[in-house]
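Here is the structure we will look at.
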Amino acid sequence: MITFLSLLLTGLSTGAIYALVALGIVLLFKAAEVVNFAHGSLLLLGAYVTARTWEAVGFPTAVALGVLVGALAAVIVERLLANPMRDAAPVALAIMTIGVDIVIATELNRRMGPDIVVVGHPWGGTAARLGDVAVPANRLIALLVAGALIVAFLVAFKLTDWGVAMRAAAEDRETAALLGVRLSRVTTLSWILAGALAVVAGIFLAGSPTPGLSPAVGVIALRALPAAILGGLDSTTGALVGGLVVGVAESLAAGYQDQLSFLGRGFGDVVPYVVMIAVLLVRPAGLFGTREVGRV
Amino acid sequence: MYRRILLGLGVVLLLVLPYYVGQFWLRLGFSVAAAGIGAIGLTILTGTAGQLSLAHAFFLGVGAVTYCALAGTDADLVSLGWPPLVAALAGVLLAGLAGLAFSPVAARLRHIYLGIASIGLVVIGQHVLNTAAPLTGGFNGRLTPGIVSDAKVSIGGVPFGAYEKQWYVGFAFLALAALLARNLVRGRVGRAFVLLRDSEPAASSVGIAVQRYKALAFVVSSMYAGLAGVLYAVAIGSVAPSSFALDVSVLYLVMVVIGGLGSVAGAVAGAAAVTALPVLLQEYAGYLPFLAEPGSGGVTASHAARFVFGVAVIAVVLTRSGALHRFRPSALGSRS
């Protein structure tokens with residue numbers, strides 16, 4: 001039971017991190033119909049900046065710097081590349097982001113080499129105890145921070161002018177524009193938010209129990225894509241549910257590896273994708289996604 | 001007319017080259033032929049039928065592993081010792097079957113959803129290949145049996161070894177693959193694919209069975225990938241599960257995008273560019289002062305090649321021109 005509870009807690013915290021990344025992916029899809037394959041690279045870029053600067057400027061400032069760089073990189077991609085081709089088919093936009101991903105990932109790979117770069121979390125690798133259940137402090141803090149960010153995001157999405165404009169634009173771009181919504185501003189802001197959220201997630205992903213930042217963290221972050229898809233690409237609720245489902249499923253599969261040994265070692269890493277394909281078989285637009293009308 | 005003359009000259013050039021060039025170029029040419037076949041398969045699926053897929057690496061893996069297990073003579077691993085060409089054919093068929101098995105998912109998903117679901121196939125495939133160690137050799141991989149015998153024969157006073165013979169096998173397969181693809185794309189099936197890409201409701205209303213044709217595109221493309229996988233395995237000499245990671249799928253996408261989506265000749269040109277660039281940069285790194293040694297932290301040949309690929313993809317998608325081959329205006333599909 002204790003094993004189960006600690007696995008559940010680990011899964012929920014991992015899931016909350018995935019949800020942050022998936023939320024960004026959904027946001028971009030709603031705002032600009034972009035499926036951003038470069039999201040993992042943006043995450044890695046921001047976390048890398050934090051990892052390289054914390055010794056000089058201290059952890060809080062380094063986090064701020066990392067988030068800033070992540071958001072800035074997202075805006076550059078939006079202004080320079082995504083915006084000029086905003087009327088292209090979603091598949092074309094997705095292929096463009098794959099190009100961006102290749103460039104950023106290559107540069108980061110080159111800089112990191114085979115090293116693992118330590119992100120200097122002040123809480124380091126200490127374990128937190130809740131009764132008999134022990135989890136890395138990093139994961140617990142991640143759960144709290146991600147929860148707070150998600151609540152803040154949802155409140156903003158419901159109440160602020162940006163949130164209303166965003167939802168209006170996602171509903172019907174042309175009508176929203178006619179009613180005075182500045183589409184370009186809404187889109188830019190969405191990219192900023194998506195980039196910033198990804199970097200926060202990246203900083204936690206590179207902490208305990210992960211030894212530090214390496215290109216492998218980008219591979220882990222990629223699991224937010226199945227999370228976003230299984231929840232439904234155009235649903236913020238879907239991103240949250242998808243993130244948690246993927247996180248918990250992965251944690252349980254890894255924890256009960258011995259009982260699942262017939263599925264092979266390291267099955268936990270594959271679970272997000274298995275769950276995604278299973279869900280898509282039943283619901284091709286994800287759990288909460290808008291079903292496309294028109295049968296063929 | 002000019003095209004025919006050029007084509008004829010190209011064929012003659014390919015036929016006589018083994019008489020003049022060394023092993024390095026022969027091996028590179030064989031790799032290009034292998035990648036070209038895979039790229040043709042992907043351009044049919046993504047370019048002609050409009051289905052974004054990143055699963056190509058998985059089907060390459062199926063073809064390669066099938067070939068190694070059937071033709072192999074390795075005593076520690078599953079090895080049946082079949083004739084190489086029969087094993088290669090079996091690899092193609094099994095890759096097609098794998099595509100068929102995935103087609104219930106592939107045929108239901110649209111555009112971008114398929115793109116992401118297909119990543120899942122690669123990740124799951126990696127896991128399966130790693131787990132099926134008796135078949136694949138696990139993490140360490142296994143040696144690929146040669147597709148031609150090593151025995152030297154002398155033709156016209158020039159000794160022909162494995163690399164020379166391999167060259168002809170590779171380009172014969174490539175020519176066959178390109179011819180089949182051209183006929184497929186120009187014929188009834190190809191037109192159905194194009195309509196499917198441009199509008200599913202329209203395709204459905206003129207009597208095209210949308211799900212079946214999507215599945216068909218997927219199966220055809222995975223069979224091409226299977227053959228490419230067999231030849232790729234032969235080209236690199238040994239294969240491990242990590243030879244078929246997501247990165248390979250991305251490179252295939254790069255090939256068909258810079259070649260111009262939907263163009264068979266463009267796919268081959270793209271495959272040549274993507275395969276040859278890192279090898280050539282590495283070979284001539286000594287003459288290129290901006291390239292650093294691997295491990296020095298600088299920009300190595302493989303980094304430089306990847307930067308070029310990334311920028312090229314962005315540039316092609318942004319401008320939709322400047323491709324190696326004519327780039328059709330509707331190549332990336334339309335909004336629906």
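Worth knowing before you read on, the calculation uses all heavy atoms, side chains too, and leaves out hydrogens, waters and symmetry mates. We name chains A, B, ... by the order of the sequence lines, and we start the count at 1 in each one.
- Rounding to the nearest 0.5 Å places CZ of B:Arg306 at 13.0 Å from CD of A:Glu107.
- To the nearest 0.5 Å, atoms CG (B:Asn130) and CZ (A:Phe267) are separated by 13.5 Å.
- For B:Arg191, the CZ atom sits in a loose shell: 12 or fewer heavy atoms of surrounding residues, nucleotides or ligands are nearer than 6.0 Å.
- Using a 4.5 Å cut-off between heavy atoms, A:Val282 contacts chain B through its backbone alone, with no side-chain atom that close.
- Between A:Leu280 and B:Ala117 the shortest heavy-atom distance is CD1-CB, 3.8 Å.
- Side chain of B:Tyr113 to backbone of A:Leu233: a donor-acceptor contact under 3.5 angstrom is found.
- Using a 4.5 Å cut-off between heavy atoms, B:Leu114 makes no contact with chain A at all.
- Only the side chain of B:Leu54 comes within less than 4.5 Å of a heavy atom of chain A; its backbone N, CA, C and O stay farther away.
- Taken to the nearest 0.5 Å, the CE atom of A:Met276 stands 7.0 Å off from the CD1 atom of B:Ile124.
- If you tally non-hydrogen atom pairs under 4.5 Å between each of A:Val103, A:Val100, A:Leu225 and chain B, the highest count goes to A:Val103.
- Between atom CG of residue B:Leu253 and atom CD1 of residue A:Ile98 there is a gap of 5.0 Å, rounded to the nearest 0.5 Å.
- Here the straight-line distance linking atom CG of B:Leu121 with atom CD1 of A:Ile277 works out to 6.0 Å at 0.5 Å rounding.
- Only the side chain of B:Val254 comes within contact range of chain A, with at least one heavy atom under 4.5 Å from a heavy atom of that chain.
- For B:Val250, the part lying near chain A is the side chain, with the backbone staying farther off; criterion is any non-hydrogen pair under 4.5 Å.
- Crowding of B:Arg212 atom CZ: a count of heavy atoms from other residues, nucleotides or ligands under 6.0 Å not exceeding 12.
- Taking all atoms of both residues into account, the shortest heavy-atom contact from A:Met96 to B:Val317 is CB-CG1, 4.1 Å.
- Contacts of A:Leu222 with chain B are made by side-chain atoms alone, with heavy-atom separations under 4.5 Å and no backbone atom involved.
- Chosen from B:Thr131, B:Val313, B:Ile112, the residue pairing most often with chain A at heavy-atom distances under 4.5 Å is B:Ile112.
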Side chain to side chain contact (heavy atoms under 4.5 Å, CB included) between A:Thr106 and B:Phe309, worked out: CA-CA 11 Å; A:Thr106 305; B:Phe309 298 156; over 6 Å; no
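- For the set A:Asp269, A:Val271, A:Ile229, the count of heavy-atom pairs under 4.5 angstrom toward chain B peaks at A:Ile229.
- A:Ile25 contributes atom CD1, which lies 7.0 Å from atom CD1 of B:Ile116 (distance to the nearest 0.5 angstrom).
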